[in-house]
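Chain identifiers are assigned alphabetically (A, B, ...) following the order of the sequence lines, protein sequences preceding nucleic acid strands; residue numbering begins at 1 within each chain. Quick note: numbers below take in every heavy atom, side chains included, and nothing from hydrogens, waters or symmetry partners.
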There are 2 protein chains.
Amino acid sequence: MNHDRRSQRTRQAITDALIELMVDQTYNTITVQEIIDRANVGRSTFYSHYADKDALLSSVFEQFGKELELTSTRAYQLLPIRELFEHVAENHRQFKAFLWGSGTDFLFRAVHGHLDIHFEKRLQEKLGEEKPPVLVKMVAHHITGVLMTLIQWWLDEKKPFTPEEMDTYFHQLVVPGVEQMFGIRL
Amino acid sequence: MNHDRRSQRTRQAITDALIELMVDQTYNTITVQEIIDRANVGRSTFYSHYADKDALLSSVFEQFGKELELTSTRAYQLLPIRELFEHVAENHRQFKAFLWGSGTDFLFRAVHGHLDIHFEKRLQEKLGEEKPPVLVKMVAHHITGVLMTLIQWWLDEKKPFTPEEMDTYFHQLVVPGVEQMFGIRL
DNA sequence: TTCAAATCTGAACACTTTGTTCAATATCGA
DNA sequence: TCGATATTGAACAAAGTGTTCAGATTTGAA
């Protein structure tokens with residue numbers, strides 16, 4: 001009665017096909033035909049799993065977001081940046097595909113949503129209730145932005161620094177500004 | 001012999017139509033039909049001016065980039081951030097359209113290209129030749145990233161701060177980090 | 001091994017969008 | 001007014017989208 005695994009495999013094949021295609025092509029230019037050809041899947045099968053090409057992309061992001069979360073929930077400090085960069089390095093191909101082929105938008109919006117909240121909480125813990133919430137939100141957004149920007153740059157430039165170095169640079173660039181802004185030590 | 005003005009007007013109408021449509025819709029979902037309907041322009045006219053919908057978008061960005069440059073070339077310090085935010089506020093509708101409807105990618109890539117170089121030069125002036133060029137590039141990219149992120153946030157949140165305040169915050173967030181990174185005073 | 005449920009297949013279909021072509025029409029400066 | 005240039009819109013082929021459905025395949029459970 002449980003044929004889920006078969007579906008699962010099919011979905012995985014479709015997902016993988018999209019990611020592979022995004023390595024060389026922009027999301028917009030990819031057709032459903034190309035996806036199902038590469039995934040070796042029938043047209044109607046595709047549409048029985050996903051309403052849309054966009055629905056597929058969303059689900060890829062979702063899955064991706066969960067992986068990211070696994071990395072970032074074992075968080076001590078601001079964020080385990082070194083581990084994050086290591087994760088990025090391991091999934092180099094996937095990240096590249098997203099950052100180049102997909103519309104960064106989609107990814108940026110999604111990741112911002114998650115991480116903004118994470119950083120906002122951490123900041124609130126450090127600050128108590130004394131600072132204006134809008135300002136805290138802005139700074140949280142800022143921190144996420146820096147992180148995303150650095151990851152993007154790092155991959156574009158073919159990882160000229162190690163994850164450890166990126167960790168160091170990230171903290172050097174971000175921490176003094178935030179400390180100055182709120183008059184605290186992080 | 002010079003019927004340029006007529007063409008000019010037509011192009012402007014098309015450009016404006018796209019921007020207006022991007023206020024409510026994503027670039028991808030906009031059809032050429034919608035554009036020419038709103039611009040009151042014939043189908044063949046559109047294609048005699050632009051090869052593509054993408055070509056149109058590029059040209060819009062180009063024009064847009066020039067406006068930005070006008071603002072940012074009268075640069076003393078790192079960048080006249082207050083004036084920049086004022087410019088953004090004045091062209092609120094346009095920026096919103098770009099940041100929401102267009103694929104931030106396109107814009108981000110384009111703007112990064114311009115501003116990265118600007119900041120890289122400014123940094124080099126301050127630093128002399130002593131620092132590794134990759135590092136300087138990274139920090140320049142970082143500065144641009146912060147700027148873009150803050151602008152995006154500011155518009156999404158419906159401008160909760162004045163341009164002056166955003167100027168202050170930008171400098172508070174960015175300057176200490178860069179100073180710490182390079183061991184200098186900006 | 002057998003069987004029924006779940007899943008996949010692929011061809012056929014109507015529909016939308018794209019980009020081209022071209023003869024007719026409109027506009028502008030001289 | 002004339003002539004060069006720009007615009008128009010209808011017609012067209014090509015490509016892609018999303019749906020439908022009858023038949024084939026795969027699966028786990030008996």
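The shortest distance between the side-chain N/O atoms of B:T45 and the OP1/OP2 oxygens of D:dT8 is below 4.0 Å. OP1 or OP2 of C:dC28 sits under 4.0 Å from a side-chain N or O of B:R9. For C:dG19, the OP1/OP2 oxygens have a side-chain nitrogen or oxygen of B:Y47 closer than 4.0 Å. The side chain of B:R5 places an N or O atom within less than 4.0 Å of a non-bridging phosphate oxygen (OP1 or OP2) of C:dG29.
Here the C1' atom of nucleotide C:dT17 and the CG atom of B:D54 are 14 Å apart, to the nearest Å. For B:Y27 and C:dT17, the OH to P distance is 15 Å, given to the nearest whole Å. In this entry the distance linking CG of B:L56 with C1' of C:dT18 reads 15 Å, nearest Å. The distance between atom CD of B:Q33 and atom P of C:dT20, rounded to the nearest whole Å, is 15 Å. Counting to the nearest Å, the C1' atom of C:dT16 and the CD1 atom of B:I30 are 17 Å from each other. Atom-to-atom, CD1 of B:I14 to C1' of D:dT8 comes out at 13 Å; the value is rounded to the nearest Å. Rounded to whole Å, the distance from NZ on A:K53 to P on D:dT19 is 16 Å. Atom C1' of nucleotide D:dG16 and atom CD of A:E34 are separated by 11 Å, given to the nearest angstrom.
Note that CG of A:L18 and CG of A:L56 are 4.5 Å apart. Values are rounded to the nearest 0.5 Å. Summarising the geometry, atom CD belonging to A:Q12 is positioned 5.5 Å from atom CD belonging to A:Q63; distances are rounded to the nearest 0.5 Å.
Residue order along DNA chain D, read from the 5' end via each residue's closest nucleotide, puts B:H49 first among A:Y50 and B:H49.
Here the two rings, on B:W154 and B:F85, have centers that are under 6.0 Å apart.
With a 6.0 Å cutoff to the six-membered ring centre and a 45° limit on the axis angle, B:K53 counts as a cation-pi contact of B:Y27.
Nearest nucleotide to the B:S7 side chain, out of D:dC21, D:dA6, C:dG19: D:dA6. Proximity note for B:R43 (side chain, C-beta onward) versus D:dA11, C:dC8, D:dT7: the nearest is D:dA11.
Interface remark: the A:R6 side chain does form a donor-acceptor pair with the C:dT7 base, using a distance-only criterion of under 3.5 Å. You'll find a donor-acceptor pair under 3.5 Å spanning the side chain of A:S44 and the base of C:dG10, going by distance alone.
Contact annotation: the side chain of B:L123 never approaches that of B:K126 to less than 4.5 Å [non-hydrogen atoms, C-beta and beyond].
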